[in-house]
Engineer: 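Mind looking over this structure? Questions follow.
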Amino acid sequence: MTVRTRFAPSPTGYMHIGGMRTALFNWLWARHNTGQFVLRIDDTDQQRNVEEALEPILDAFRWLGLDWDEGPETGGDCGPYFQSQRREHYDEAINQLLDTQCAYLDFESPDETRQQREVAEREKKQYVSSRTSLDLTINEIEARKAAGDPHVVRFLVPRNRTVRITDLVRGEVEWDCSLMVDPVIARNDGSPLYNFATVVDDAAMSISHVIRAEEHLSNTPIQVLIHEAIGTPLPEFAHIPFVAAPASKRKLSKREIGKYRQQKEFRKLFELGDQVLTRIGRDAGEDGLSPVMVAFYREVGFLPSGLLNALVRLGWSLDDETEIFSNAEMQQHFGLQRVVSGSAGLDPDKLMSYQAHWMSELSHEERLHGCLGFLKEAGLIQPDADEITRNRVKYVIELAGDRIRVFGDILSLDEFFVEDDDLEFDDKNFRKRVVTPDETIGLLKNLRDELADCTPFHSAALHDLVQEFVDRQGIRFGAIAAPLRLCVTGKAQGADLFGTLELLGQATSLKRIDRAIGIAETMRSG
RNA sequence: GGCCCCAUCGUCUAGUCAGGCCUAGGACACUGGGUUUUCAUCCCAGCAACGGGGGUUCAAAUCCCCCUGGGGUCACCA
């Protein structure tokens with residue numbers, strides 16, 4: 001049997017990271033079995049602009065390299081792949097269900113239904129559908145239809161039985177049908193509802209494995225019943241754990257980002273995002289990009305391989321030690337048998353470590369390419385960067401080494417790209433290391449003059465020079481290294497100090513030291 | 001509340017199906033040490049878990065029952 005999996009997003013305007021993990025598992029299972037992965041758009045409820053709301057979702061798939069064999073843009077034999085365009089399939093199935101008395105027209109108003117529900121709740125009784133419309137004669141039904149009475153189509157749940165499935169990750173799960181409400185499968189205008197459309201389409205598209213998040217488990221008995229009523233073969237089900245918020249068991253939700261921002265485990269990711277996004281003029285925060293969305297990671301400069309590695313390990317493992325998976329390795333090894341059943345919290349720390357690993361695997365050229373994009377976006381270099389600029393960036397990247405975990409990190413090395421007079425100083429550290437100590441400005445002045453005589457202005461020579469200076473003055477190395485760093489970069493931390501000086505060049509270094517001394521003196525006298 | 005799912009270090013997990021190889025393994029984080037006379041890496045070491053109670057058994061993290069806890073879901077949304 002050909003393995004065919006699907007992911008069926010509704011066009012919401014963004015791609016949720018948890019949904020992406022579900023999509024990944026589907027894609028992996030299809031690829032592992034040399035089957036097909038189908039993308040189907042669940043837009044039965046759409047009032048919004050589908051095309052516009054779909055684009056970010058497709059972008060996420062393209063960025064991560066999850067290609068779909070059938071779906072929007074690529075087409076396929078089971079199309080169309082938009083549910084809004086598959087009405088005839090649903091109509092046909094509804095008529096079949098009506099003909100076989102597996103479904104019925106319900107003329108009860110939503111208000112009546114709601115009231116019954118409330119009454120049952122108050123009396124602590126299980127609510128089940130009243131089925132009053134079942135008592136209508138054929139003539140009465142025709143008359144009400146002719147009169148234009150609003151009605152829906154409900155699936156008639158067979159109450160005297162149970163539904164049992166063998167879930168590929170959860171094992172045997174069973175439901176008592178007498179407790180189930182007859183689900184609405186079509187609205188008054190004939191448009192289908194999710195639970196129903198999904199079944200029709202999964203069958204029509206020969207989906208062999210329905211791999212979806214655990215929150216759909218409770219939809220499953222209805223879908224099984226509908227499959228049986230229509231007479232289509234049952235797919236295998238695999239309900240994977242949902243992606244939880246860091247250090248929690250709760251479903252990761254876009255609505256909670258305000259809370260997440262305050263959370264210890266999550267904060268670092270938000271801060272990384274803020275740092276990068278504000279510099280490239282993107283909106284971060286509640287309405288903008290956030291770590292629940294795939295786009296966030298792309299915009300901040302994560303690697304697809306880093307994100308993918310983190311996602312694949314969220315609820316799945318190969319063995320007791322393998323952590324790093326390339327795309328090819330995932331495809332080779334992924335299996336539904338080793339999906340865990342407990343919820344899996346996103347771990348920002350671990351994500352960063354996967355990311356750092358895959359960043360370190362990149363060639364110089366690839367790293368340069370990624371960083372260049374961010375520098376341009378931030379306006380730190382010209383869009384048409386010349387060879388000299390590119391070379392400079394290359395050196396900066398080399399100097400920065402492992403400090404660049406995501407491409408956006410290059411923006412924190414802005415000291416190499418700003419004009420000398422535009423360099424901003426980290427106020428707190430500048431005061432602490434340069435302004436406050438009484439002897440520092442004097443030391444800097446002396447060192448500055450020695451630096452002015454240093455030729456060639458190379459890292460090793462500079463190191464020797466400072467070392468001799470430190471010995472002669474009888475001070476700690478850090479007593480001059482830290483202030484010097486502050487003067488030329490504005491920061492307390494950064495790449496190798498002497499490499500930094502060399503790259504900045506003699507003229508710039510001296511100019512910045514002079515400027516810093518001037519500012520420090522003003523601060524002391526003020 | 002009904003129904004359903006879940007339960008091992010702070011986190012992601014291995015071990016559970018086929019009970020003994022588990023004084024519970026790995027990774028991330030954290031802590032300490034070494035390397036880097038600056039920063040980041042890197043190396044080594046350490047910390048740290050079977051939710052509770054009953055069974056079954058020579059033997060239980062592993063099988064059974066109960067409890068507790070956590071979560072999901074209960075739409076003319078998807």
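Proteins get letters first, then strands, A, B, ... in listed order; numbering begins at 1 in each. Keep in mind the model is a prediction, meaning the values are calculated, not measured.
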Engineer: In whole Å, what separates the P atom of B/C58 from that of B/U13?
Structural biologist: 37 Å
Engineer: By the 4.0 Å heavy-atom rule, please label A/Arg485 as base, sugar-phosphate, or nothing.
Structural biologist: base
Engineer: Looking only at side-chain N and O atoms, does A/Arg338 come under 4.0 Å of OP1 or OP2 in B/G15?
Structural biologist: yes
Engineer: Check every strand shown and say whether A/His239 touches a base, only sugar-phosphate, or nothing at a heavy-atom separation below 4.0 Å.
Structural biologist: nothing
Engineer: CZ of A/Arg122 versus P of B/G2: gap in Å, rounded?
Structural biologist: 18 Å
Engineer: Polar atom pairs between nucleotides 63-68 of chain B and protein, under 3.5 Å, N or O only, would you list them?
Structural biologist:
none

Engineer: Scan A/Gly315 against the nucleic acid and name what it touches under 4.0 Å (heavy atoms): base, sugar-phosphate only, or nothing.
Structural biologist: sugar-phosphate
Engineer: What is the nucleic acid contact for A/Val466, judged by heavy atoms within less than 4.0 Å: base, sugar-phosphate only, or nothing?
Structural biologist: nothing
Engineer: Can you list everything that forms a salt bridge (charged side-chain N to carboxylate O under 4.0 Å, His left out) with A/Arg161? Sequence neighbours excluded, please.
Structural biologist: A/Glu228
Engineer: In the structure shown, which nucleotide is the Watson-Crick or G-U wobble counterpart of B/C42, with both distances under 3.5 Å?
Structural biologist: B/G34
Engineer: How long is the straight-line distance from CZ of A/Arg86 back to CD1 of A/Ile41, given to the nearest 0.5 Å?
Structural biologist: 12.0 Å
Engineer: Could you tell me whether A/Asp347 contacts a base, only the sugar-phosphate backbone, or nothing, with contacts defined as non-hydrogen atoms closer than 4.0 Å?
Structural biologist: base
Engineer: How about A/Thr132 and A/Glu108: does a side-chain donor come under 3.5 Å of a side-chain acceptor?
Structural biologist: yes
Engineer: I need the CG-P distance between A/Leu351 and B/A29, as an integer number of Å.
Structural biologist: 12 Å
Engineer: Choosing from B/C28, B/A78, B/A7, which nucleotide comes nearest the side chain of A/Ser341?
Structural biologist: B/A7
Engineer: Quick one: A/Phe266 CZ to B/A29 P, roughly how many Å, whole number?
Structural biologist: 17 Å
Engineer: Would you please name every residue forming a side-chain contact (heavy atoms from CB on, under 4.5 Å) with A/Glu52, sequence neighbours left out?
Structural biologist: A/Asn49
Engineer: List, with names and distances, any nitrogen or oxygen atoms from the protein found under 3.5 Å away from nitrogen or oxygen atoms belonging to nucleotides 69-76 of chain B.
Structural biologist:
{"unit_1": "B/G71", "atom_1": "OP1", "unit_2": "A/Arg250", "atom_2": "NE", "d": "2.8"}
{"unit_1": "B/G71", "atom_1": "OP1", "unit_2": "A/Arg250", "atom_2": "NH2", "d": "3.1"}
{"unit_1": "B/U73", "atom_1": "OP1", "unit_2": "A/Lys251", "atom_2": "NZ", "d": "2.8"}
{"unit_1": "B/U73", "atom_1": "O2'", "unit_2": "A/Ser218", "atom_2": "OG", "d": "3.2"}
{"unit_1": "B/A75", "atom_1": "OP2", "unit_2": "A/Arg117", "atom_2": "NH1", "d": "3.1"}
{"unit_1": "B/C76", "atom_1": "N4", "unit_2": "A/Pro110", "atom_2": "N", "d": "3.2"}

Engineer: Which sits closer to the 5' end of RNA chain B, A/Lys350 or A/Ala481, going by the nucleotide each is nearest to?
Structural biologist: A/Lys350
Engineer: Between B/C28 and B/C42, how far apart are the P atoms? Round to whole Å, please.
Structural biologist: 9 Å
Engineer: Can you tell me, in whole Å, how much space there is between the P of B/C44 and that of B/G26?
Structural biologist: 12 Å
Engineer: Students often get this wrong, so: under 4.0 angstrom with heavy atoms, is A/Ile480 touching a base, only sugar-phosphate, or nothing?
Structural biologist: nothing
Engineer: What does A/Gly478 touch in the nucleic acid at a heavy-atom separation under 4.0 angstrom: a base, only the sugar-phosphate, or nothing?
Structural biologist: nothing
Engineer: Is there a donor and acceptor pair, one atom on the side chain of A/Glu323 and one on the base of B/G26, closer than 3.5 Å?
Structural biologist: yes
Engineer: Could you measure between the two C1' atoms, the one in B/G55 and the one in B/A14, and give it in whole Å?
Structural biologist: 28 Å
Engineer: Under 4.5 Å between any side-chain heavy atoms of A/Leu58 and A/Leu39, yes or no?
Structural biologist: yes
Engineer: May I ask you to say what A/Glu265 touches in the nucleic acid, namely base, sugar-phosphate or nothing, with a heavy-atom cut-off under 4.0 Å?
Structural biologist: nothing
Engineer: In whole angstrom, give the distance that lies between atom CD of A/Glu321 and atom P of B/G25.
Structural biologist: 14 Å
Engineer: For A/Leu318 and B/A27, what is the distance between atoms CG and C1' respectively, to the nearest whole Å?
Structural biologist: 14 Å
Engineer: Taking atom P in both B/U11 and B/C74, what distance in whole Å separates the two?
Structural biologist: 28 Å
Engineer: By the definition salt bridge (charged side-chain N to carboxylate O under 4.0 Å, His left out), identify the one residue from A/Asp202, A/Asp201, A/Asp42 that meets it with A/Arg6.
Structural biologist: A/Asp202
Engineer: Which is true for A/Gln126 with a 4.0 Å heavy-atom rule: it touches a base, it touches only sugar-phosphate, or it touches nothing?
Structural biologist: sugar-phosphate
Engineer: Rounded to the nearest 0.5 Å, what separation is found between the CZ atom of A/Phe302 and the CG atom of A/Leu272?
Structural biologist: 5.5 Å
Engineer: Do other residues, nucleotides or ligands put more than 12 heavy atoms under 6.0 Å from A/Arg433 CZ?
Structural biologist: no
Engineer: Under a 3.5 Å distance rule, please check whether A/Arg367 uses its side chain to pair with a backbone N or O of A/Ile397 as donor and acceptor.
Structural biologist: no
Engineer: Quick one: do the A/Thr162 and A/Glu174 side chains pair a donor with an acceptor below 3.5 Å?
Structural biologist: no
Engineer: Rounding to an integer number of angstrom, what distance separates B/A7 and B/A45 when you compare their P atoms?
Structural biologist: 32 Å
Engineer: Is there a donor N/O on one and an acceptor N/O on the other, under 3.5 Å, for the side chain of A/Asp496 and the base of B/U38?
Structural biologist: yes
Engineer: Now, which nucleotide makes the Watson-Crick or G-U wobble pair with B/C3, with each of the two distances under 3.5 Å?
Structural biologist: B/G72
Engineer: Distance between the P atoms of B/G33 and B/G15, in whole angstroms?
Structural biologist: 37 Å
Engineer: Determine which nucleotide pairs with B/C58, using a 3.5 Å limit on both distances of a Watson-Crick or G-U wobble pair.
Structural biologist: B/G20
Engineer: Going by the rule salt bridge (charged side-chain N to carboxylate O under 4.0 Å, His left out), which residues pair with A/Asp464 if we only count those two or more places apart in sequence or in a different chain?
Structural biologist: none
Engineer: In whole angstroms, how far is the C1' atom of B/U37 from the CG atom of A/Leu462?
Structural biologist: 16 Å
Engineer: Tabulate below the donor-acceptor pairs under 3.5 Å that side-chain atoms of residues 493-500 of chain A make, not counting sequence neighbours, or state none.
Structural biologist:
{"unit_1": "A/Asp496", "atom_1": "OD2", "unit_2": "A/Phe498", "atom_2": "N", "d": "3.4"}
{"unit_1": "A/Asp496", "atom_1": "OD2", "unit_2": "A/Gly499", "atom_2": "N", "d": "2.7"}
{"unit_1": "A/Thr500", "atom_1": "OG1", "unit_2": "A/Asp496", "atom_2": "O", "d": "2.7"}

Engineer: Just the rounded figure in Å: distance from C1' of B/U38 to CZ of A/Phe477.
Structural biologist: 6 Å
Engineer: Contact class for A/Gly494 (heavy atom, under 4.0 Å): base, sugar-phosphate, or nothing?
Structural biologist: base
Engineer: In whole Å, what separates the C1' atom of B/U31 from that of B/C22?
Structural biologist: 26 Å
Engineer: How many Å lie between CZ on A/Arg476 and C1' on B/U37, as a whole number?
Structural biologist: 12 Å
Engineer: I want to confirm an ordering. Mapping A/Asp349 and A/Pro241 to their closest nucleotides on RNA chain B, which one lands closer to the 5' end?
Structural biologist: A/Pro241
Engineer: For the residue pair A/Glu366 / A/Ser363, report whether a side-chain donor-acceptor contact shorter than 3.5 Å exists.
Structural biologist: yes
